[in-house]
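Everything below concerns the one structure shown next.
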Amino acid sequence: MVKQIRSRAPHRPRVFVTRALPGTGLERLAARTHLEVWPAPGGPSYAELVRGARDADALLCMLTDRVDAALLGACTRLRVVSSCSVGLDHVDLAEATRRGIPVGHTPGVLAETTADLAFALLLATARRVAEADRFVRSGGWTPERRWEPELLLGRDVHGAVLGSVGLGQIGRAMARRAAGFGMRVLGWSRSRRRVAGVERVALEDLLAGSDAVTIHLALTPETRGLLDARALARMKPEAFLINTARGGIVDEAALAEALAAGRLAGAGIDVFESEPLAPSSPLLALENVVLTPHIGSASIATRVRMADLAVENVLAGLAARALPHCANPEVQPASATRSRRR
Ligand code: DGY
């Protein structure tokens with residue numbers, strides 16, 4: 001599915017892409033630009049990223065690439081940064097804006113796919129699916145334990161109360177899935193938005209009143225650590241926490257402690273404070289946790305749509321057109337004649 005592409009055309013705008021992408025987007029870029037795609041999985045280190053982007057007119061990056069003030073200062077040719085992600089906590093947006101660089105991202109195309117994974121984690125956690133799989137594979141399912149009335153008992157998802165922290169596109173997609181399972185849905189959002197079928201409540205009441213809490217917020221200075229030890233302590237001991245948003249929103253050490261002490265029933269976690277998850281993480285030792293490696297948007301169709309949109313953002317930026325999805329729309333695409341704020 002993934003193609004390795006580069007094109008040599010020094011007279012064209014230079015584009016540095018930090019990973020091979022699925023779909024045909026890179027072919028479109030190669031036809032119009034001098035394209036350099038980082039060839040190895042895992043992407044460039046920070047130093048390699050700076051080196052790769054130093055002479056580039058456009059940078060197409062991933063959420064694992066740190067695009068900070070130092071990089072933006074070193075890469076003075078950049079006319080557009082496009083991230084193949086909706087989240088932009090890896091990009092210094094204020095600095096890009098100050099420098100007049102539009103930053104593209106990929107909202108709108110991954111909400112349903114991410115909600116699918118959040119709901120899968122909810123089901124897997126409540127019904128102990130990963131634990132049951134480990135039980136079968138490790139030879140625990142023996143003739144002596146063919147079917148036991150109390151083997152691997154979980155909790156019902158249907159009819160339970162779901163609390164959505166965040167009611168953006170992904171939170172609303174999760175609420176629609178919950179409605180299909182006959183769940184009552186509580187919701188809290190910073191924007192205090194009203195959503196049909198969702199009872200808007202204070203965050204404290206959502207935490208205390210939900211059988212499962214699911215997080216759908218961007219990571220910002222305001223949301224970092226929002227689910228700290230105090231917030232987690234408000235949750236019912238039989239409740240589950242699902243996080244497909246960003247790890248930094250939850251105090252991971254406090255979560256592991258609460259899970260180990262039985263102050264929370266379980267968690268389904270796709271995103272972590274530091275990725276990849278360190279082998280020393282206490283979460284790895286807990287049976288009541290389902291862990292996935294940041295795959296919320298990882299369906300074939302959605303990753304192709306994200307790649308296409310990221311490429312469209314690059315092409316628009318290079319052509320001095322408005323980006324299809326710009327996170328700092330106050331910045332107009334730089335034209336060749338416009339003076340730059342450096
Ligand atoms: C994003 O795009 O920010 C998601 O985390 C990718 O799954």
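Just follow the structure's listing: the first ligand is 1, and inside any ligand the first atom is 1. Note that the structure is predicted; figures quoted are calculated from it, not measured.
Remark: the R305 side chain and the T302 side chain contain an N/O donor-acceptor pair separated by less than 3.5 Å. If you check the side chains of T33 and R14, you find no donor sitting under 3.5 Å from an acceptor.
At a 4.0 Å heavy-atom cut-off, the residues surrounding ligand 1 are L63, S85, V86, G87, L110, R246, H294, S297, M306, listed by chain and number.
A distance-only check finds a donor-acceptor pair linking the side chain of D228 to the backbone of A231 [under 3.5 Å].
Between E131 and the options R128, R134, R127, a side-chain hydrogen bond (donor to acceptor under 3.5 Å, both in side chains) holds for only R128.
Residues F16 and L35 are not in side-chain contact: their nearest non-hydrogen atoms beyond the backbone lie 4.5 Å or more apart.
If you chain together hydrophobic residues whose side chains sit under 4.5 Å apart, V103 and L309 never meet in one group.
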